[in-house]
2 protein chains.
Amino acid sequence: MLTIGELSRATGVKIPTIRYYEQMGLMAVAERSGGNQRRYESHDRERLSFIKHARDLGFTIEAIRELLELSAHPDRPCVDADEIAVRQLQAVRNKIAKLRLLEKELDRMTSRNHDDQVKHCYVLQSLANHDMCVSEHQRP
Amino acid sequence: MLTIGELSRATGVKIPTIRYYEQMGLMAVAERSGGNQRRYESHDRERLSFIKHARDLGFTIEAIRELLELSAHPDRPCVDADEIAVRQLQAVRNKIAKLRLLEKELDRMTSRNHDDQVKHCYVLQSLANHDMCVSEHQRP
DNA sequence: ATAATAGCTATAGATACTGGAGGAACAGAT
DNA sequence: ATCTGTTCCTCCAGTATCTATAGCTATTAT
């Protein structure tokens with residue numbers, strides 16, 4: 001039996017976050033001690049590790065809920081889980097592509113900045129004038 | 001004179017977002033028509049374009065506030081604006097590096113997924129077991 | 001004059017947590 | 001048995017950046 005603090009240390013998930021996951025229905029409602037404190041078993045630790053791992057990979061709570069649903073029904077085809085992961089992979093690749101463009105522009109902005117007055121500041125000029133962009137860019 | 005809708009179409013910033021920026025003090029409190037509707041001039045459009053551009057580059061509202069402050073005082077040294085941009089560039093490079101690790105792992109997860117039952121699903125196994133990771137990864 | 005479009009305010013919701021206040025429980029030392 | 005220090009509880013508020021809805025009013029075109 002683990003206390004919430006032990007579970008937190010074991011998984012690297014902060015205590016309020018664990019309670020939040022319980023509230024959101026990602027973690028089962030925990031058993032309680034006589035004094036109303038949460039007590040966990042090792043399968044709770046595994047489930048929470050799964051959740052943390054998926055969050056670290058950028059899966060949303062909703063996607064994780066789907067994945068947990070899937071893993072609870074081991075006879076259903078794996079295609080669904082795969083599809084979620086593929087979607088995630090595409091999102092990650094999109095983000096990388098956009099961030100590369102931003103990197104290019106920021107690099108250009110800063111590396112030219114050898115003047116020392118704001119009125120000649122390349123950073124501010126670049127931001128004021130979209131025409132100077134190397135490329136179309138969007139919210140990252 | 002532009003209405004809020006025209007300003008929105010001219011800059012690509014949604015109407016509620018423009019009002020939000022006014023509330024946050026990024027945009028000046030707009031003049032009003034007789035019927036209490038906001039009216040804008042071309043300098044408002046330029047300022048909003050600056051804000052949108054900076055947001056697209058990932059600057060926070062706070063950083064943008066600083067940049068707008070700086071550009072209002074053209075005699076101060078440019079170093080501060082440069083520093084904000086450099087900070088932003090570093091953050092972007094960090095994000096890219098982390099996302100590359102995630103990409104690697106997600107790719108590995110999905111490309112091996114040729115089984116068709118959840119109980120053998122590589123995606124779910126990977127998420128359940130951190131030991132299978134190629135690398136340490138963190139929240140993106 | 002009427003209808004369609006666009007605007008107003010105020011409030012709530014989305015996302016995924018994080019932190020604090022105020023108090024109760026537990027573990028170990030005396 | 002009591003004291004002390006740590007950990008836990010609930011509830012509420014706040015973060016950042018919008019987005020959306022409801023209910024109402026203004027403007028524009030015909």
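So that the names make sense, note that chain A is the first sequence line, chain B the second, and so on, each numbered from 1.
- Taken from OH in B:Tyr20 to CG in B:Leu26, the straight-line distance is 8.0 Å, to the nearest 0.5 Å.
- Two different hydrophobic clusters hold A:Ile96 and A:Val86 under the rule that ILVMFWY side chains link at heavy-atom gaps under 4.5 Å.
- The salt bridge (charged side-chain N to carboxylate O under 4.0 Å, His left out) test applied to B:Arg47 returns no partner, not counting sequence neighbours.
- To the nearest 0.5 Å, the span separating OG on A:Ser8 from CZ on A:Arg45 amounts to 13.5 Å.
- Between A:Arg19 and D:dC11, a side-chain N or O to OP1/OP2 separation shorter than 4.0 Å is absent.
- Taking the side chain as every heavy atom from C-beta outward, B:Arg55 and B:Val13 never approach each other to under 4.5 Å.
- Toward the 5' end of DNA chain C, the nearer of the two residues A:Lys14 and B:Gln23, judged by each one's closest nucleotide, is B:Gln23.
- One atom, CD1 of B:Ile61, and another, P of D:dT19, lie 11 Å apart when rounded to the nearest Å.
- Contacts between residues 2-11 of chain A and DNA chain C, defined by a heavy-atom separation below 4.0 Å, involve no residue at all.
- Comment: A:Glu31 does not engage A:Arg38 in a salt bridge, judged by the lack of any side-chain N to carboxylate O separation of less than 4.0 angstrom.
- Taking atom CE of residue B:Met1 and atom P of nucleotide D:dT28, one finds them 12 Å apart after rounding to whole Å.
- We find that CE of B:Met24 is positioned 10 Å from C1' of D:dA16, with the value rounded to whole Å.
- Listed nucleotides D:dT10, C:dT18, D:dT17 differ in distance to A:Tyr20; the shortest reach to its side chain belongs to C:dT18.
- At a threshold of 4.0 angstrom between heavy atoms, the contacts of A:Arg38 are confined to the sugar-phosphate backbone, with no base atom among them.
- Between B:Glu103 and B:Arg100 there is no salt bridge, since no side-chain nitrogen of the basic residue lies less than 4.0 Å from a carboxylate oxygen of the acidic one.
- Atom CD of B:Glu62 is separated from atom P of D:dA16 by 8 Å (rounded to the nearest Å).
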Check nucleotides 22-26 of chain C for protein N or O atoms closer than 3.5 Å to its own N or O atoms and list the pairs.
residue: C:dC26; atom: OP1; partner: A:Ser33; partner atom: OG; Å: 3.4
residue: C:dC26; atom: OP1; partner: A:Gly35; partner atom: N; Å: 3.0

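- Side-chain contact between A:Leu2 and A:Arg39 is absent, with no heavy atoms from C-beta onward closer than 4.5 Å.
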Review point. Under the side chain to side chain contact (heavy atoms under 4.5 Å, CB included) criterion, do B:Arg93 and B:Leu89 qualify, and how do the steps go?
Key: CA-CA 6 Å; B:Arg93 287 191 170 143; B:Leu89 177 58; 3.7 Å; yes

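- Residue A:Thr17 places none of its side-chain N or O atoms closer than 4.0 Å to OP1 or OP2 of C:dA16.
- In this structure, the CD1 atom of A:Ile18 is 12 Å from the P atom of C:dC17, given to the nearest Å.
- OP1 and OP2 of D:dT17 both lie 4.0 Å or more from every side-chain N or O belonging to B:Tyr21.
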